[in-house]
Every structure is written in structure tokens, then in C-alpha cells.
Amino acid sequence: MCYPRFMFLKFKDEVSSILSNAVASAGFETDDTSLNESPHADISSSVAFKLAPKYRRSPKDICEVIYNNIKIPPDSYIERAETAGPYINFFVSRIFLNETTLRVLLDRENFGNLGYKGKVILEHTSANPDGPLHIGHIRNSVIGDTLARILKRAGYDVETQYYINDMGRQIAVVVWGLSNFKFDKTKKKDHAIAEVYINANKSLVDEKEHSPEVNGIMKEYETGNPETNKKFKDAIDTCMEGIKESLRRMNIHHDKFIWESQFVRSGSVNRMMDRIRKLDRAEIKDDALMVDLNDMGIQKSLVIQRSDGTSLYTTRDLAYHEWKTGQCDRMIDVLGADHKLISSQLKAMLRILNLKEPEIVIFEFVSLPEGSMSTRRGVFISADELLDEVEKAALLEVRKKRPDTDEEFKKKVASFVSIGAVRYDIVRVSPEKATTFDWAEAVDFEKQGAPFIQYAHARACSIIRNAGDEGIAFETFDPNVLLEEQEIALIKKLSCFENAIDSAARELKPNFLAIYARELADAFNQFYRYVPVLAAEPEFRAARLALVDCSRIVLANALDTLGITAPESM
RNA sequence: GGGCUCGUGGCUUAGCUUGGAUAUAGCGCCGGGCUUCUAACCCGGAUGUCGAGGGUUCGAAUCCCUCCGGGCCCGCCA
């Protein structure tokens with residue numbers, strides 16, 4: 001038996017095509033069927049409004065004429081169409097509902113794969129290795145990792161990269177600091193590096209005579225002094241060990257770590273500068289190489305090469321993107337709002353050079369109630385501290401709610417609940433929203449966050465488990481008996497998973513999926529409350545168990561795509 | 001000063017790209033529900049000049065303009 005690949009998306013396509021035909025046979029012309037989601041229907045069209053001015057007739061009138069030309073074939077995903085004043089409302093059919101359940105049970109953990117093809121390189125986090133990740137950095141990490149998971153589920157071959165800015169002044173400060181200040185071996189390594197970095201910065205401000213030493217270190221690294229190289233590598237490896245540990249704790253993995261210095265060493269930065277020098281728009285000003293980007297809407301000239309001949313961050317970033325261009329179909333960079341200007345300069349330069357431009361996902365800053373964070377000044381809340389505190393609060397919660405369980409179970413639950421809560425809180429809000437960190441909110445488990453969704457999944461597992469214990473089978477079932485309002489609402493919601501993945505992948509908006517997951521959990525909880533499963537008559541019981549299994553699968557897929565554990569028990 | 005961006009009930013927030021039916025949801029508040037598959041749950045209620053003003057439109061939270069407020073950026077830093 002062969003089921004159509006997409007559920008809700010296919011329904012939408014079918015409505016669109018049937019409506020287009022109806023519009024045409026009614027004698028109207030438009031390429032926009034104006035389909036919208038609506039509380040009044042499964043999908044709704046306001047096409048009559050669009051046609052009204054052109055044909056000088058009332059929307060209601062036009063709507064009526066189009067409606068009379070709608071022909072729904074048998075076996076359609078569309079049950080019926082209705083007019084409601086100027087609107088045409090469409091409703092899904094029994095076939096659609098039945099096939100949705102069968103589709104989920106067939107595809108299982110692959111449900112949601114849209115068959116998109118191509119290689120994507122997604123860069124995220126890329127925090128400077130001068131200290132631990134803080135709560136601003138992990139907004140980048142969580143958005144980036146969730147996007148990578150969404151794109152993977154949609155079918156893309158995704159490679160994630162962490163770009164290590166090892167040639168910046170801040171790393172030179174760390175290297176200088178390591179030979180002048182104590183490295184606290186009792187601390188987690190990235191935190192110990194931060195301590196050195198903060199002390200070094202303080203003394204560089206107080207005792208300005210050390211500043212040339214740092215400049216010297218930087219210069220030696222750019223030219224490639226072996227002894228200096230080793231110092232840099234040791235410092236960075238040390239810090240990255242701690243950063244990777246924090247990322248691992250949050251279920252975040254990078255496929256590759258790319259050092260910006262490799263592009264200097266390989267000569268590709270020099271080749272890039274030579275190539276740019278030959279451009280008509282390039283000019284030498286005070287011995288520095290500049291490019292005029294005024295016609296690209298960027299007033300500021302971009303400096304490509306310093307007057308001493310060395311490269312700049314942007315130049316190296318150009319070489320990095322040139323390198324990526326040859327290896328993928330799409331490049332995505334997740335960057336903080338401070339990179340808005342520089343990323344548009346980068347894109348403009350790549351366009352001029354006829355190279356692939358990255359798609360940039362910008363997220364706004366996370367600040368503390370007292371102001372913005374700074375690793376350099378030591379003003380930040382680390383990801384480790386946040387996770388520790390949230391985990392502590394979660395443990396209290398588990399003790400309260402599951403006093404019957406052993407300590408090991410409680411700790412395990414506290415761990416995945418806290419990580420889920422942190423990830424979900426970050427990913428549920430639009431990246432373009434600037435946020436202020438709030439401890440009370442971070443440790444609040446009352447709100448409908450990740451634990452709400454995880455709990456719905458655990459409930460579904462529990463029913464399946466109980467059915468197994470009682471020897472109740474549901475391999476064969478009749479989906480036609482799923483007629484309760486909550487059952488139908490739940491199946492419709494299951495069918496929208498593909499839609500959620502599709503729009504999140506298309507628009508690079510991970511928050512779409514976060515909202516979907518919450519709505520799915522909501523639909524399942526209502527079903528759970530009103531529709532008995534194990535206590536129902538056998539034919540209903542089998543179909544409902546199948547629906548519970550579908551819910552379990554899609555909840556698990558949604559949680560997995562959000563990088564959050566889908567627990568069997570909590 | 002210039003550029004970009006955000007402003008939606010007490011708080012957090014969806015929708016804005018592509019204008020359409022009573023503006024989404026959560027927290028908190030008020031009231032109800034555990035002899036029933038895990039109550040980290042469910043149900044009901046109160047709470048909105050969608051920052052302000054103007055414009056376009058049959059119709060604006062959504063598009064345009066002005067203003068106000070917050071954030072970010074404007075280095076031969078990264």
C-alpha cells in the first residue's frame with residue numbers, strides 16, 4: 001500500500017488546486033488563492049475579497065459563484081467546502097484522518113522527513129575561547145542546533161561547524177595572561193581561562209606598558225612562530241575542552257571545529273586580498289586596502305588589509321566562506337545582533353566576488369537586569385551556572401512529584417528536565433526579540449515549557465506500557481472509530497508536524513517548531529483527559545492505542561528535533 | 001548624530017514577510033476538578049486604545065510616514 005508522502009501539506013495543495021479550478025471555471029482570474037489558517041475551518045480562503053474590486057462585485061457574490069464551481073473528487077483529503085459570507089472554508093476528510101494515523105505508524109521516527117536534498121553547512125556558537133559559554137552564547141547554540149536538527153529532519157545533509165576566532169586580540173590576551181597569572185587547576189578549564197583573561201585585561205588597563213607585549217604575541221602568531229603557535233593551541237584547546245563539555249551537556253554537537261588561522265596559513269587569505277586588490281572598486285588609502293560598498297547600500301568602506309599588510313577578521317571570514325562555498329549547497333550562519341553590519345558587508349563582498357552568500361540568522365542580545373554581559377569584565381552568567389541552578393530546582397520538583405522513586409531516577413529526570421527547560425525557553429521566543437535574563441523565570445516549572453511536552457510523551461508511553469503489561473495488542477485497528485472531538489483534533493495536529501518542519505526549515509525559524517510541540521502536547525492532554533483508552537471497548541481500545549502510539553511517535557520526533565529528551569517516565 | 005531592529009492584558013509571548021471572520025498562548029489572579037490510563041494534568045472566569053499620531057484600503061497588530069521608548073551597530077577590534 002502506498003500512502004502519499006505528505007499529510008497536511010498535501011491537503012493544502014489539494015485545496016489550492018481545486019480552488020484554482022473553481023475560480024477559473026467561475027470565469028475569474030487570479031494566481032493567488034489566499035489560503036489561510038482559520039479557527040473556523042481546517043483551511044480557509046479569502047480569495048473572494050481579492051477578486052471583488054477587479055470584477056466590481058461583492059465578495060459574498062463572488063464567493064457563492066466560486067463555491068458552486070468547486071468539485072471535490074471521491075477519495076479526496078477534502079471532506080467538504082462551505083461558504084461563510086465572503087469566506088470559503090475547507091474541511092479534511094475521513095480518508096485524510098485515517099491516512100495520517102497510518103502514515104505516522106509506517107514512518108515512525110522518520111515521520112516529518114520532507115525529502116529535501118542537498119548539503120547544508122551551518123555555523124553556530126563560534127564563541128571566542130576566552131572563557132565559558134554564557135547565557136548569551138547559548139542562545140546562539142540552541143537556535144543553531146535546533147535549526148540543524150530541523151533541516152536534518154526535513155531531509156538535508158547538515159554539517160555543523162564551530163568557527164574558532166584564534167587570531168583575535170582576546171586570545172593573545174589569554175596567552176599573555178597565562179604566562180603572567182595563575183591558572184586555577186581546580187576549576188573547570190574554560191572558567192579558569194576566563195579568570196586569567198579577566199585578570200589580564202584588568203592589568204592591561206591599569207598598567208598600559210604590557211599592551212605592546214600583547215601586540216607582539218599577536219604578530220608572532222600571524223607570522224607563525226612555532227613556539228607561539230603552541231602556546232595559542234594549548235590555551236585554545238584548554239578552553240574549548242570546557243566549552244565542548246557544556247555543549248555536550250545541552251545535547252549540542254559540532255561536526256567540525258574550524259580555526260580561522262588555517263586560512264592565513266594556507267595562503268587563501270593572501271589570495272583573497274590579491275583578488276580584491278584587482279577590483280575596480282578597491283582603493284589604497286594610507287597603505288590600507290579598502291573597498292567601497294556604497295552602491296550595495298553600505299555607507300562605510302570595508303577595510304580588507306591593514307597598512308602593515310596583515311589581515312582582518314572580515315578578510316579571514318571571506319576566505320572561510322569561499323572555502324565553504326565549494327562544499328555545500330547552502331550556508332547558514334547563526335550570529336548575534338552585533339554582527340548585522342559586518343554580515344551584510346560580508347554578503348556584499350561575496351556577491352561582488354561572485355561567491356555563494358550565506359543565509360544569516362540573527363538573534364538579539366540577552367542582557368542581565370543590571371545591563372549587558374562581558375566576559376572581559378567578568379560580568380556574565382555562565383551556561384554551567386544556569387544549568388546547575390535549573391537542575392537543582394528540577395530536582396526539588398521531582399522529589400515533590402515523584403517521592404516513590406529512587407535517587408538515581410530523580411537525578412536522571414532532573415537532568416533531562418532542566419536541559420529541556422533551558423533549551424525550550426530559549427527556542428520558544430523569536431530570535432529578533434531582545435531578552436533580559438530572569439532567574440525566577442529560568443527556574444519556574446509551572447509554565448507550559450519543555451516539561452509539559454515531555455510529560456505528555458511520558459503519559460503516552462505509560463499507556464502503551466500498561467497495554468503491553470495487560471497483553472493488549474493493537475496491530476490491527478479501524479481508524480474509522482476515532483470520532484471523538486478530541487481524537488479528531490489530535491489527529492489533525494499530528495498531521496501538521498510536517499507543516500511545522502517545513503515552515504521552520506524554509507524560514508529558519510526554530511520557534512515555529514517549539515510552538516507546534518506545545519500545541520501537540522496540549523491536544524494530547526485533552527484527549528487523555530476526556531477519552532478513556534485502556535478501559536474502552538476492544539475495537540475503540542485498539543484504535544485509541546494506535547492513536548496514543550502515533551502521539552508518542554510525533555511527540556518524540558518533535559522533542560528530538562528540539563534537542564530535548566523524550567522520556568518514557570518522569 | 002546616522003543605520004538596523006524591537007514595542008501586543010500586571011509579566012512573558014504568537015501572529016507582521018504574503019492586510020481579511022471574535023488578536024495567540026503561557027505565568028500570575030479568581031473559581032472548579034484526583035476511588036479513573038502519571039494532577040509536571042484538565043475545565044471555566046476576569047484582564048487588550050496591538051507604544052502614540054497620521055496615511056493607504058471595502059478592511060490595518062500586519063503596508064507607508066512622523067514621533068516616543070528600549071536594544072544593537074557605526075575602529076587599519078573580533
Side-chain angles (χ1 to χ4, degrees), chain A residues 32 34-41 44-46 48-50 52-53 58-59 84-87 89 128 130 165 167-171 260 285-290 297-300 303-314 316-317 336-342 344 362 364-365 367 372 394 397-398 400-402 404 413 417 425 428-430 432-436 438 440-441 444-456 458-467 470 507 511-512 514-515 518-519 521-522 525-526 528-536 544-545 548 569-570:
Chain A
D32 177 14
S34 303
L35 293 180
N36 293 300
E37 283 171 32
S38 162
H40 308 278
S44 165
S45 170
S46 58
F49 280 111
K50 294 280 177 296
S58 79
Y87 299 94
N89 292 331
N128 291 327
D130 52 20
N165 301 126
M167 304 206 67
R169 189 181 164 81
Q170 71 290 122
I171 303 307
E260 65 170 335
K285 218 159 125 190
D286 304 326
D287 293 331
L289 172 61
M290 326 260 291
I298 297 162
Q299 284 74 27
K300 289 220 68 98
V303 182
I304 296 293
Q305 185 177 30
R306 292 194 187 94
S307 38
D308 66 1
T310 58
S311 65
L312 286 105
Y313 168 84
T314 317
R316 300 187 291 264
D317 210 14
D338 53 337
H339 281 69
K340 273 183 201 169
L341 175 63
I342 203 162
S344 57
I362 296 281
E364 282 290 341
F365 271 46
S367 56
S372 53
E397 209 68 21
V398 190
K400 209 161 39 182
K401 297 191 199 278
R402 298 300 302 275
D404 54 308
V413 172
V417 160
D425 275 350
R428 60 179 250 276
V429 322
S430 289
E432 67 267 18
K433 230 91 160 182
T435 60
T436 304
D438 180 358
E441 204 185 319
D444 177 16
F445 290 99
E446 294 311 309
K447 61 184 182 226
Q448 260 186 16
F452 175 81
I453 305 160
Q454 291 173 310
Y455 187 64
R459 275 180 148 180
C461 289
S462 175
I463 295 178
I464 303 282
R465 197 167 44 238
N466 291 339
E470 293 171 36
E507 301 183 38
N511 53 313
F512 287 1
I515 291 159
R518 198 205 61 215
E519 288 174 349
D522 207 13
N525 279 330
Q526 282 175 46
Y528 183 93
R529 165 67 182 79
Y530 287 104
V531 185
V533 178
L534 297 175
R544 286 173 188 172
L545 273 168
V548 170
S569 176
M570 66 186 275

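For clarity, every value in this text was computed on a predicted model and none was experimentally measured.
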[atom1] atom, [N] versus [M]: distance in rounded Å?
| N | M | atom1 | result |
| --- | --- | --- | --- |
| B:C4 | B:C43 | P | 45 Å |
| B:U49 | B:U24 | P | 15 Å |
| B:C68 | B:U18 | P | 29 Å |

Task: A:E364/A:K340 salt bridge by N-O under 4.0 Å criterion - done: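 Counted as a salt bridge, because a side-chain N and a carboxylate O are separated by less than 4.0 Å.
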Can a side chain N or O of [X] be found less than 4.0 Å away from OP1 or OP2 on [N]?
| X | N | value |
| --- | --- | --- |
| A:S430 | B:G15 | yes |
| A:K300 | B:G75 | yes |
| A:R428 | B:U12 | no |
| A:T435 | B:U12 | no |
| A:R306 | B:A78 | yes |
| A:Y528 | B:A39 | yes |

Kindly point out which of [options] is positioned nearest to the side chain of [X]?
| X | options | answer |
| --- | --- | --- |
| A:V413 | B:C76, B:A40, B:U13 | B:A40 |
| A:M570 | B:U17, B:A40, B:C37 | B:A40 |
| A:L312 | B:C76, B:G71, B:C37 | B:C76 |
| A:E364 | B:A21, B:C72, B:C77 | B:C72 |
| A:E397 | B:C73, B:G19, B:A40 | B:A40 |
| A:K433 | B:C76, B:U8, B:A40 | B:U8 |
| A:N466 | B:A14, B:C4, B:C37 | B:C37 |
| A:I342 | B:C76, B:A78, B:C72 | B:A78 |
| A:A434 | B:G71, B:U12, B:A78 | B:G71 |
| A:S307 | B:C58, B:C76, B:C73 | B:C76 |

Task: Pairing residues for A:F49 by the ring-ring contact (aromatic ring centres under 6.0 Å, His included) criterion, not counting sequence neighbours - done: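 Result, ring-ring contact (aromatic ring centres under 6.0 Å, His included) vs A:F49: A:Y87.
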Treating [X] as the side-chain partner and [Y] as the backbone partner, does any N or O pair qualify as donor plus acceptor under 3.5 Å?
| X | Y | result |
| --- | --- | --- |
| A:K447 | A:E441 | yes |
| A:E260 | A:M167 | yes |
| A:R428 | A:G449 | no |

Complementary nucleotide of [N], counting Watson-Crick and G-U pairs under 3.5 Å:
| N | value |
| --- | --- |
| B:G2 | B:C73 |
| B:U57 | none |
| B:U62 | none |

Expected rows: protein N/O vs nucleotides 42-46 of chain B N/O, under 3.5 Å:
residue: B:C42; atom: OP1; partner: A:D522; partner atom: OD1; Å: 3.3
residue: B:C43; atom: OP1; partner: A:Q526; partner atom: NE2; Å: 3.3

Open item on the list: I want to confirm an ordering. Mapping A:S38 and A:V398 to their closest nucleotides on RNA chain B, which one lands closer to the 5' end?
Closed with: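 Its nearest nucleotide lies further toward 5', so the answer is A:S38.
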- [ ] Using the closest heavy atom to pick a nucleotide of RNA chain B for each, name whichever of A:H40 or A:K447 lands nearer the 5' end.
- [x]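 First, find each residue's nearest nucleotide; the 5'-ward one identifies A:H40.
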Students often get this wrong, so: under 4.0 angstrom with heavy atoms, is [X] touching a base, only sugar-phosphate, or nothing?
| X | value |
| --- | --- |
| A:K400 | nothing |
| A:V548 | nothing |
| A:A84 | base |

TODO: Nearest whole angstrom, please: distance from the C1' of B:U12 to the CG of A:N511.
DONE: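 Interatomic distance, CG of A:N511 to C1' of B:U12: 14 Å.
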Task: Quiz item: A:D130 side-chain donor-acceptor pair to B:A78 base, under 3.5 Å - done: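 No.
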TODO: Record whether the side chain of A:S44 comes under 3.5 Å of the base of B:A21 through a donor-acceptor pair of N or O atoms.
DONE: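 Indeed there is one.
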